[in-house]
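Structure, as structure tokens:
Throughout, protein chains are lettered first and strands after them, A, B, ... in sequence-line order, and every chain is numbered starting at 1.
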Amino acid sequence: MAKPSLPQGTRDFGPDVVRKRNYILNTIKNVFELYGFLPLETPAMENLDTLMGKYGEEGDKLIFKILNNGLDNPDKEKQIREDFEKVLQGKNTKGITERALKYDLTIPFARYVAMNHSQLTFPFKRYQVQPVWRADRPQKGRYREFYQCDADVVGSNALLNEVELASIYHEVFSRLKLDGYELRINHRKILTALAETCGGADKMMDITIAIDKLDKIGIDKVKEELIQRGLTADQVNIIEKYLNITGTNDEILVSLSEIIGNSENGKKGIEQVSFILANLQSQTLNLKLDPTLARGLNYYTGIIFEAKAPDIVKMGSIGGGGRYDDLTGLFGVPNIPGVGISFGVDRIYDVMEELNLFPPDVHVGTQVLFFNLGEAESKKSFELMQQLRHRGIRSELYHETAKFDKQFKYAEKKNIPYIIIIGEKELTDNTCTIKNLASGDQQSVSAASLLNHSF
RNA sequence: GUGGUUAUAGCUCAGCUGGUUAGAGCAUCAGAUUGUGGUUCUGAGGGUCGCCGGUUCGAACCCGGUUAGCCACCCCA
């Protein structure tokens with residue numbers, strides 16, 4: 001028999017890891033609930049045409065497609081061979097793949113809203129925590145199956161939503177002690193204005209892809225890439241001026257106005273960014289206006305967010321989001337604007353692991369282990385244990401009578417902080433011995449007062 | 001999708017220009033120790049050297065392929 005293995009880019013999560021992941025997931029969910037968001041789940045798979053064309057050309061390639069069943073049906077052989085020819089030419093066809101694993105949570109959410117808009121109360125605020133799949137090549141911080149935690153508000157144009165979402169980032173990262181995070185914001189209209197000002201509105205994609213790499217490859221390489229992408233030297237000069245903008249958020253706003261303030265889009269973008277900055281000033285210090293931020297997903301139309309891990313861990317983005325004017329329009333229901341954010345749990349996990357930010361008590365599962373020292377003794381232990389469990393104390397009884405040594409080691413390995421000994425002596429006295437394993441302190445208490453003991 | 005790099009015990013890794021029966025530490029199990037763990041000592045088990053093929057009298061080592069990890073590019077959480 002072949003050795004068992006996992007598909008590329010996927011992982012098992014053992015008990016310790018699940019505990020730590022749950023710590024992150026619960027923190028995020030609690031904050032979402034605190035801000036009035038409602039839970040939603042959608043299927044692992046979607047119809048392929050729900051997903052295709054929503055994430056750009058590159059995104060389409062990364063969608064995991066599911067092979068149809070019944071392709072070996074001899075009655076359909078001719079049709080299937082024809083369809084397969086199309087696949088060989090790089091086209092998709094319903095005859096071969098009709099479904100795909102979901103690529104993110106935003107598009108399935110838009111599909112859900114489009115299907116249910118008549119029953120929803122707007123603005124509809126939903127959060128969603130589920131795995132998504134990407135047929136990307138794995139590397140550090142990049143998996144083929146990973147979790148996203150999204151919160152979106154649809155049916156409202158109010159910028160207050162952006163303010164709320166930014167506050168959620170701050171609240172979650174503060175609770176996780178990820179204080180070194182940085183939330184960068186920019187506005188799609190500011191980028192559009194830049195493209196217009198350079199006389200190349202149609203070059204928007206080329207410009208954003210190139211300038212997004214600034215802090216990675218440096219100004220010279222970005223200029224090189226811009227020229228390669230067909231921009232003139234004059235245009236590149238304007239972009240260079242734009243990229244050289246530095247300073248405080250207020251200073252950046254002033255500089256932006258100088259370059260793109262005459263454009264309608266530029267004005268609008270600057271105005272909206274100013275509003276958000278002004279409303280958050282008192283609450284978060286980690287908010288940074290970054291004109292070079294240009295998130296890839298092409299459905300964003302307004303504010304864009306990106307949460308960056310503390311610089312020392314070299315992880316990059318641990319969350320992102322933005323405003324999209326008309327996502328449900330893609331599914332035939334226009335005029336429902338939305339804005340949302342996403343947390344990348346798997347990356348947050350890696351960052352917290354690297355920075356040692358998990359609280360030590362994440363690992364405490366069972367609080368109390370009852371030693372098993374004989375038949376009559378374990379019967380009594382079981383009785384008391386059930387009473388402790390009624391009180392909500394997580395307890396277990398060692399599964400068989402064994403030497404002290406063994407039972408101690410079991411408690412240690414499972415990080416159980418307290419053990420309770422009920423042996424021959426305790427049985428006759430109707431007492432029990434409670435021992436704190438970390439300190440070594442132990443005390444004898446009556447069976448009755450055990451139930452009021454605090455662990 | 002492109003390129004680089006790595007794969008030896010449960011884990012971390014040694015293993016010389018290709019040469020008998022592939023090693024260490026940690027972990028596991030047993031004993032020293034039948035009501036008090038973490039320390040120490042003694043002993044034991046555990047490997048088709050990722051997988052498939054080739055070169056060779058002989059391969060963990062050289063060559064080809066393949067799978068997986070890591071890294072870079074593309075893109076992204």
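Of the candidate nucleotides B:U36, B:C74, B:G37, B:C74 has the atom lying nearest to any side-chain atom of A:Glu58. Distance from the side chain of A:Asp136 is smallest to B:C75 among B:U36, B:C70, B:C75. Comparing B:G37, B:U36, B:C76 against the side chain of A:Lys409 picks out B:G37 as the nearest. In this structure, the nucleotide among B:C70, B:G35, B:U28 sitting nearest to the side chain of A:Lys413 is B:U28. Picking from B:A77, B:C75, B:U36 the nucleotide with the shortest atom distance to the side chain of A:Lys435 gives B:U36. Listed nucleotides B:G35, B:A77, B:G38 differ in distance to A:Glu412; the shortest reach to its side chain belongs to B:G38. The side chain of A:Phe146 lies closest to B:A77 when the candidates are B:C74, B:G35, B:A77.
A:Phe124 approaches A:Leu38 most closely through the heavy-atom pair CE1-CD1, 4.1 Å. The two atoms that bring A:Gly374 and A:Thr401 nearest to each other are N-OG1, 3.5 Å, heavy atoms only.
In this model, the phosphate group of B:G31 is approached by a side-chain N or O of A:Lys403 to a distance below 4.0 Å at OP1 or OP2. Contact check, A:Gln139 against B:A72: a side-chain N or O comes under 4.0 Å of OP1 or OP2. Phosphate proximity of B:G69 to A:Lys140: absent, as no side-chain N or O sits under 4.0 Å from OP1 or OP2. Taking 4.0 angstrom as the limit, A:Lys213 places a side-chain polar atom (N or O) nearer than this to OP1 or OP2 of B:C75. Between B:A30 and A:Lys406, a contact under 4.0 Å exists linking OP1 or OP2 to a side-chain N or O.
Among the protein residues, A:Leu437 comes within range of the nucleic acid bases, having at least one heavy atom under 4.0 Å from a base atom. When heavy atoms are screened at a 4.0 angstrom cut-off, A:Gly423 is found touching base atoms of the nucleic acid. Within the nucleic acid shown, A:Gly440 comes within 4.0 Å of at least one base atom, counting heavy atoms only. Contacts of A:Glu426 with the nucleic acid, taken as non-hydrogen atoms under 4.0 Å apart, include base atoms. A:Gly321 comes within 4.0 angstrom of nothing in the nucleic acid, heavy atoms only. A:Ile419 comes within 4.0 angstrom of nothing in the nucleic acid, heavy atoms only. Within the 4.0 angstrom heavy-atom criterion, base atoms lie near A:Gly141. A:Phe371 comes within 4.0 angstrom of no nucleic acid atom, judged by non-hydrogen atoms across all strands. Using a 4.0 Å heavy-atom distance criterion, A:Ser317 is classed as a sugar-phosphate-only contact.
On the C1' atoms, B:C63 is 23 Å away from B:G69, given to the nearest whole Å. Separation of the P atoms belonging to B:U17 and B:U12 is 26 Å when rounded to the nearest angstrom. Rounded to whole Å, the separation between the C1' atoms of B:A14 and B:C26 comes to 15 Å. B:C71 and B:A32 have their P atoms separated by 48 Å, given to the nearest Å. If you take atom P in B:C41 and the same atom in B:C16, they sit 30 Å apart, rounded to whole Å. With both ends at atom P, the span from B:C61 to B:U48 equals 16 Å, rounded to whole Å. Taking the C1' atoms as reference points, B:C11 lies 25 Å from B:U21, given to the whole Å. One P atom belongs to B:G58, the other to B:G19, and the distance between them is 15 Å to the nearest Å.
Note on A:Glu182 versus A:Arg184: salt bridge recorded, some NZ/NE/NH1/NH2 to OD/OE distance being below 4.0 Å. Salt bridge present: A:Arg21 and A:Asp346 bring a charged side-chain N and a carboxylate O closer than 4.0 Å. A:Arg347 and A:Asp350 are not joined by a salt bridge, as no carboxylate oxygen comes within less than 4.0 angstrom of a charged side-chain nitrogen. Looking at A:Glu171 and A:Arg175, a side-chain N of the basic residue comes within less than 4.0 Å of a carboxylate O on the acidic one, giving a salt bridge.
Atom pair A:Ile420:CD1 and B:G37:P shows a separation of 19 Å (rounding to whole Å applied). In this structure, the CG atom of A:Asp212 is 11 Å from the P atom of B:C74, given to the nearest Å. Summarising the geometry, the separation between OH on A:Tyr398 and C1' on B:U36 is reported as 15 Å, rounded to the nearest angstrom. Atom CG of A:Leu62 and atom C1' of B:C75 are 7 Å apart (whole Å). Rounded to an integer number of Å, the gap from A:Leu427 CG to B:G35 C1' is 14 Å. The distance from atom NZ of A:Lys221 to atom P of B:C74 is 11 Å, rounded to the nearest whole Å. Distance A:Arg11 CZ to B:A68 C1': 15 Å, rounded to the nearest Å. In this structure, CZ of A:Phe305 is placed 15 Å from P of B:A77, rounded to the nearest angstrom.
Listed by residue number, there are no residues of residues 378-386 of chain A with a heavy-atom contact under 4.0 Å to RNA chain B.
With hydrogens and angles disregarded, a donor-acceptor distance shorter than 3.5 Å links the side chain of A:Lys102 to the backbone of A:Thr42. A donor-acceptor pair under 3.5 Å is formed between the side chain of A:Arg144 and the backbone N or O of A:Asp136.
For the pair A:Thr10 and A:Arg142, nearest-nucleotide mapping onto RNA chain B gives the more 5' position to A:Thr10. Residues A:Lys425 and A:Gln8 both approach RNA chain B. Their nearest nucleotides, taken by heavy-atom distance, put A:Lys425 toward the 5′ side.
Judged by atom type and distance alone, A:Arg137 does not reach the base of B:C71 through any side-chain donor-acceptor pair under 3.5 Å. Residue side chain A:Gln407 does not reach the base of B:U36 through any donor-acceptor N/O pair under 3.5 Å, judged by distance alone.
Using the Watson-Crick or G-U wobble rule with both distances under 3.5 Å, B:C73 pairs with B:G1. With a 3.5 Å ceiling on both atom-pair distances, the Watson-Crick or G-U wobble partner of B:G31 is B:C41.
Taking the six-membered ring where tryptophan is involved, the planes of A:Tyr418 and A:His453 are perpendicular, since the angle between them exceeds 60° and thus also 30°. Between A:Phe173 and A:Phe343, the ring-plane angle classifies as perpendicular under the 30° and 60° cut-offs.
A 6.0 Å sphere centred on NZ of A:Lys94 holds no more than 12 heavy atoms belonging to other residues, nucleotides or ligands.
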